[in-house]
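These notes are about the structure you will find just below.
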2 protein chains.
Amino acid sequence: MDEVDSAIVRHLQMDGRLSNRALAEKLGIAPSTCLERTRLLHKRGIIQGYKAQVSLRALNRPVQAMVSTQIRPLRRDVVAAFEQSVTQLPEVVSVYTMAGSDDFLVHVTAQDIDHLHAFLLDQFTNRREIAGFRTAIIYQHLTNPVLDPLPPTAEQQRA
Amino acid sequence: MDEVDSAIVRHLQMDGRLSNRALAEKLGIAPSTCLERTRLLHKRGIIQGYKAQVSLRALNRPVQAMVSTQIRPLRRDVVAAFEQSVTQLPEVVSVYTMAGSDDFLVHVTAQDIDHLHAFLLDQFTNRREIAGFRTAIIYQHLTNPVLDPLPPTAEQQRA
DNA sequence: ATCCCGTGCCGAACTAAATTCGGCCTCTCG
DNA sequence: CGAGAGGCCGAATTTAGTTCGGCACGGGAT
């Protein structure tokens with residue numbers, strides 16, 4: 001993970017479809033070298049994949065909310081089942097498993113407030129393991145375009 | 001936005017580097033047609049771009065936390081300035097602007113707990129406009145791989 | 001019913017990119 | 001000082017992206 005690798009990661013975070021040639025040119029290296037580097041970044045699991053960014057508005061899901069959720073009993077199998085099933089609901093964008101008074105933060109999207117309410121009544125109120133939840137509307141969700149690597153720890157250096 | 005468009009969106013959410021030819025073959029349409037469709041999805045703003053998914057662990061940032069933040073005064077300019085500056089900090093993954101008792105949820109990453117603590121002391125404790133914040137550690141963050149479009153509203157139908 | 005036009009799709013031709021691979025350079029270790 | 005490994009390069013090949021002319025279908029007007 002030298003400076004070239006980290007530049008590759010930075011560029012591909014901004015534009016995941018940047019062509020290998022264009023990327024090579026930006027970095028001042030040969031396309032074949034760039035390809036090799038990028039392949040290694042995949043193999044090492046540093047680059048996990050590529051995703052299209054889709055407009056929630058265009059998908060007709062302009063309403064977003066964060067649902068703070070507690071489940072009981074807080075057992076391994078119950079936690080795993082909750083994460084697994086909730087993540088796959090179409091209204092759910094992502095699930096944060098938390099330490100603290102809330103066990104999960106569930107980021108959900110809906111067509112409008114009525115659908116959000118219906119979704120919560122159907123999927124949350126009904127579930128036995130859900131001991132309680134609070135819903136907060138999200139006005140806006142901003143994302144940092146680039147996450148830079150940090151210098152490796154002493155432990156990672158040795159590996 | 002017919003069934004073909006929505007299939008394109010679904011596939012590109014799962015694999016943003018899927019080649020046009022491979023995508024066309026999956027859908028049973030000609031590459032030229034598929035290219036045309038995909039271009040229109042960009043032009044309409046439905047597909048906003050592509051991003052490489054990077055492993056936070058490989059980037060040496062295994063610790064994640066959600067920081068619930070209140071700012072005062074809750075004025076437009078103060079809110080905008082906060083969002084803008086915080087989103088660009090390297091430790092920040094994303095910022096949710098919220099309704100309710102917390103004004104923001106800030107998703108942050110760090111090398112370890114010590115760095116997280118230092119980051120909060122440097123960037124949050126110091127700021128005048130931050131009236132208070134609570135930090136909760138994130139054990140895990142799962143993401144739904146595919147967000148499907150919802151059928152259009154009556155209002156959108158007319159457009 | 002028929003003609004006309006617009007829309008969308010197809011596939012061949014062309015342009016450009018991805019990929020492979022042999023060779024070279026450099027650095028390190030014996 | 002020589003041998004080997006690693007990494008990089010660039011030409012050649014394979015594969016993909018892109019353009020464009022033409023065809024088919026469907027709707028509306030005559």
Side-chain angles (χ1 to χ4, degrees), chain A residues 1-55 58-60 146 148-149 151-159, chain B residues 1-55 58-60 146 148-152 154-159:
Chain A
M1 198 69 192
D2 60 7
E3 189 41 51
V4 174
D5 284 336
S6 111
I8 291 174
V9 170
R10 267 198 303 277
H11 279 104
L12 290 178
Q13 279 182 92
M14 293 188 291
D15 179 3
R17 289 207 88 144
L18 192 60
S19 78
N20 182 59
R21 295 183 107 85
L23 181 55
E25 195 167 352
K26 277 176 194 290
L27 306 186
I29 60 179
S32 51
T33 305
C34 187
L35 190 65
E36 176 84 11
R37 292 283 199 137
T38 307
R39 272 211 272 247
L40 278 176
L41 290 170
H42 283 95
K43 201 177 303 178
R44 287 188 228 150
I46 294 169
I47 295 177
Q48 298 178 313
Y50 301 88
K51 293 182 94 171
Q53 301 295 298
V54 176
S55 157
L59 252 36
N60 190 27
V146 180
D148 267 309
T153 59
E155 192 179 344
Q156 284 177 326
Q157 289 279 21
R158 284 193 292 278
Chain B
M1 197 69 192
D2 59 8
E3 188 43 49
V4 174
D5 285 335
S6 110
I8 291 173
V9 170
R10 266 198 303 276
H11 279 104
L12 290 179
Q13 279 182 93
M14 293 188 291
D15 179 4
R17 287 207 92 144
L18 191 61
S19 78
N20 182 59
R21 295 182 110 87
L23 181 55
E25 194 166 353
K26 277 177 193 289
L27 306 185
I29 60 179
S32 51
T33 306
C34 187
L35 189 66
E36 175 84 12
R37 292 286 198 132
T38 307
R39 271 210 272 248
L40 279 175
L41 290 170
H42 282 95
K43 201 177 305 177
R44 286 187 228 150
I46 294 171
I47 295 178
Q48 298 178 313
Y50 300 87
K51 293 182 94 171
Q53 302 296 298
V54 177
S55 157
L59 251 37
N60 191 26
V146 181
D148 267 309
L150 261 32
E155 192 180 343
Q156 284 177 326
Q157 289 279 21
R158 284 193 292 276

Quick one: [X] [atom1] to [N] [atom2], roughly how many Å, whole number?
X: A:L27; N: D:dC8; atom1: CG; atom2: C1'; value: 14 Å
X: B:L40; N: D:dT18; atom1: CG; atom2: C1'; value: 15 Å
X: A:E25; N: C:dA18; atom1: CD; atom2: P; value: 12 Å
X: A:D2; N: D:dG6; atom1: CG; atom2: C1'; value: 13 Å
X: B:R17; N: C:dA18; atom1: CZ; atom2: P; value: 7 Å
X: A:E36; N: D:dG7; atom1: CD; atom2: P; value: 8 Å
X: A:E3; N: D:dG7; atom1: CD; atom2: P; value: 17 Å
X: A:L12; N: C:dA18; atom1: CG; atom2: P; value: 11 Å

* Between the main-chain N or O of B:I29 and the side-chain N or O of B:T33, is there a donor-acceptor pair closer than 3.5 Å? ->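 Side chain of B:T33 to backbone of B:I29, a donor-acceptor pair under 3.5 Å: no, none is there.
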* **A:N20 (side chain) donor-acceptor with A:L23 (main chain) under 3.5 angstrom** =>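 Flag not set: sc A:N20 to bb A:L23 has no pair under 3.5 Å.
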* Asked: Got a donor-acceptor pair under 3.5 Å from the side chain of A:R21 to the base of C:dA16?
  ->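 No pair found.
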* Asked: Quick one: on DNA chain D, does B:A22 or A:C34 contact a more 5' nucleotide (nearest heavy atom)?
  ->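 This one resolves to A:C34.
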* Please figure out whether B:V4 or A:S19 has its closest DNA chain C nucleotide nearer the 5' end. =>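 Going by which nucleotide is closer to the 5' end, it is B:V4.
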* Asked: With respect to the side chain of A:L35, which nucleotide from C:dT20, D:dC9, D:dT18 is positioned closest?
  ->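 Nearest listed nucleotide: C:dT20.
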* For D:dC9, take OP1 and OP2 only and decide whether either is under 4.0 Å from a side-chain N or O of A:R37. =>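 Checking D:dC9 against A:R37, no side-chain N or O comes under 4.0 Å of OP1 or OP2.
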* **Distance test, side-chain N/O of A:T33 to OP1/OP2 of D:dC9, below 4.0 Å** =>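 For D:dC9, OP1/OP2 do have a side-chain N/O of A:T33 under 4.0 Å.
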* To do: For A:S32, answer base if it contacts any base atom (sugar-phosphate contacts may also be present), sugar-phosphate if it contacts only those atoms, and nothing otherwise; contact means non-hydrogen atoms under 4.0 Å.
  =>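 Touches a base.
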* Going from OG on B:S6 to CG on B:L41, what distance comes out if it is rounded to the nearest 0.5 angstrom? ->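 It comes to 9.5 Å.
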* **Test log, rule side chain to side chain contact (heavy atoms under 4.5 Å, CB included), inputs A:D5 and A:R44** => CA-CA 12 Å; A:D5 284 336; A:R44 287 188 228 150; 3.9 Å; yes
* Asked: Is B:D15 salt-bridged to B:R10, going by a charged N under 4.0 Å from an acidic O?
  ->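 Between B:R10 and B:D15 there is no salt bridge, as every charged N stays at least 4.0 Å from the carboxylate O atoms.
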